[in-house]
Amino acid sequence: MVRRYLVAANWKMNMTVSQALPFAAQLATLTGGEAAEIAVAPPFVALSAVGQALHSSGVVLAAQNCHAASAGAYTGEVSVPMLADVGCRYIIVGHSERRQLLGETDSLVNEKAKAVLAAGLSPILCIGETLEEREQGKTLEIISWQLQAGLAGIPNEVRVVIAYEPIWAIGTGKTATAAQAQEVHAHIRGQLRKQWKEGAERVRILYGGSVKADNAEELMSQADIDGALVGGASLQFEAFAAIIEAAKKAAGRKK
């Protein structure tokens, strides 16, 4: 089954609004056509402005995080309804930087994923192992656990996107080989089949972790890799545009 690719840019804590606007105007010229959907996740303060700049373009808006509650006394937090109101279609949940630096648990990630789905949006659920866990041969065990916990209580849902991000490859310049990435993606697909049966074939599984123009096509040409969650390279227009082109080529090879 050929799934439409998703290439999502995660700007993390980069770009002021004044920096983001001219960059968003450039991104608005990109198109993935039938091969790939393009999403951009700016910082919260730039969401509204970037959303307006991307209006009527082929690029959709995403958020980097959310709170599980729809409203309340949660100072400094942002709810899913707020993100939906500014035009977000996707929300990243469970990114390793939030798990590691801010102590987010599998249970909290699951609550956030459910909140995103309840609002009619799509969660990009991030999972991944540390270098120590990989060296101990625990990669597939960790992935299975995070996937099961993150999707607990969620029925067969085509809107869910999974992002495999080996923690040891995020922002380090190291990248899983295409074979290593495919092995984990195939395992994820297998776990999804156990839970959602044929519905698993419709779920997109992205790879994230130092994705660049020179490795993107090989990675996305693998059978179970359906796009990329791009960090550092998404902050440079030429680099990100090249990854979009790589996605188109990879999609063409799968037809």
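Along the sequence shown, the residues carry numbers beginning at 1.
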For residues [X] and [Y]: do they belong to one hydrophobic cluster (side chain heavy atoms under 4.5 Å, members Ile, Leu, Val, Met, Phe, Trp, Tyr)?
X: Ile92; Y: Ile127; answer: no
X: Leu206; Y: Leu235; answer: no
X: Val59; Y: Trp11; answer: yes
X: Leu192; Y: Ile142; answer: no
X: Val230; Y: Ile244; answer: yes

Where is the tightest heavy-atom contact between [X] and [Y], given as atom of each residue plus distance?
X: Phe44; Y: Ala63; result: CE2-CB, 4.3 Å
X: Leu117; Y: Arg159; result: O-NH1, 3.1 Å
X: Ala28; Y: Ser57; result: O-CB, 3.5 Å
X: Ala176; Y: Ala181; result: CB-N, 4.2 Å
X: Gly150; Y: Ala113; result: O-CB, 4.3 Å
X: Gly128; Y: Ile167; result: O-CD1, 3.7 Å

Would you say that more than 12 heavy atoms from the other residues, nucleotides or ligands in this model lie under 6.0 Å from the [atom1] of [X], or not?
X: Arg4; atom1: CZ; value: yes
X: Gln180; atom1: CD; value: yes
X: Glu218; atom1: CD; value: no
X: Gln148; atom1: CD; value: no

Any sub-3.5 Å donor-acceptor pair from [X]'s side-chain atoms to [Y]'s backbone N or O?
X: Arg89; Y: Ser122; answer: no
X: Arg99; Y: Gly94; answer: yes
X: Gln64; Y: Ile91; answer: no
X: Lys212; Y: Ala239; answer: no
X: Asp226; Y: Ile205; answer: yes
X: Tyr5; Y: Met220; answer: yes
X: Lys254; Y: Gln222; answer: yes
X: Glu141; Y: Lys138; answer: no
X: Asn215; Y: Ser210; answer: yes

Could you check if a side-chain atom of [X] sits within less than 4.5 angstrom of a side-chain atom of [Y], using non-hydrogen atoms only?
X: Glu183; Y: Thr139; result: no
X: Ser107; Y: Glu111; result: yes
X: Leu229; Y: Val161; result: no
X: Ile154; Y: Asn110; result: yes
X: Leu83; Y: Val116; result: no
X: Ile124; Y: Leu6; result: yes
X: Arg98; Y: Lys112; result: yes
X: Val160; Y: Trp196; result: yes

What distance separates [X] [atom1] from [Y] [atom2], expressed to the nearest 0.5 Å?
X: Arg193; Y: Ile188; atom1: CZ; atom2: CD1; answer: 12.0 Å
X: Thr130; Y: Glu135; atom1: OG1; atom2: CD; answer: 8.5 Å
X: Leu121; Y: Leu61; atom1: CG; atom2: CG; answer: 10.5 Å
X: Glu37; Y: Arg3; atom1: CD; atom2: CZ; answer: 15.0 Å
X: Arg189; Y: Gln182; atom1: CZ; atom2: CD; answer: 9.0 Å
X: Ile162; Y: Arg204; atom1: CD1; atom2: CZ; answer: 11.5 Å

>> Applying side chain to side chain contact (heavy atoms under 4.5 Å, CB included) to Glu165 and Asn10, what does each step give before you reach the verdict?
In response: CA-CA 13 Å; Glu165 292 199 309; Asn10 178 15; 5.9 Å; no
| task | Report the relative orientation of the aromatic rings in Phe237 and Phe23; use parallel for angles under 30°, tilted for 30 to 60°, perpendicular for over 60°. | result | perpendicular
His185 vs Tyr207 aromatic rings, parallel, tilted or perpendicular, using cut-offs 30° and 60°?
->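 It falls in the tilted class, 30° to 60°.
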What I want to check is whether the side chains of Ser18 and Thr16 have a donor and an acceptor closer together than 3.5 Å.
yes
In terms of side-chain heavy atoms, does Glu129 have a donor or acceptor partner in Trp168 at a distance below 3.5 Å?
yes
Hey, mind stepping through Tyr164 and Ile225 against side chain to side chain contact (heavy atoms under 4.5 Å, CB included) and telling me if it holds? CA-CA 9 Å; Tyr164 168 56; Ile225 299 182; over 6 Å; no
Test applied, side chain to side chain contact (heavy atoms under 4.5 Å, CB included); reference residue, Val86; option that passes from Leu47, Val78, Val50: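 Among Leu47, Val78, Val50, the one that satisfies the side chain to side chain contact (heavy atoms under 4.5 Å, CB included) with Val86 is Leu47.
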Paired with Ile38, the side chain to side chain contact (heavy atoms under 4.5 Å, CB included) test is passed by just one of Val60, Leu27, Leu30, namely Leu30
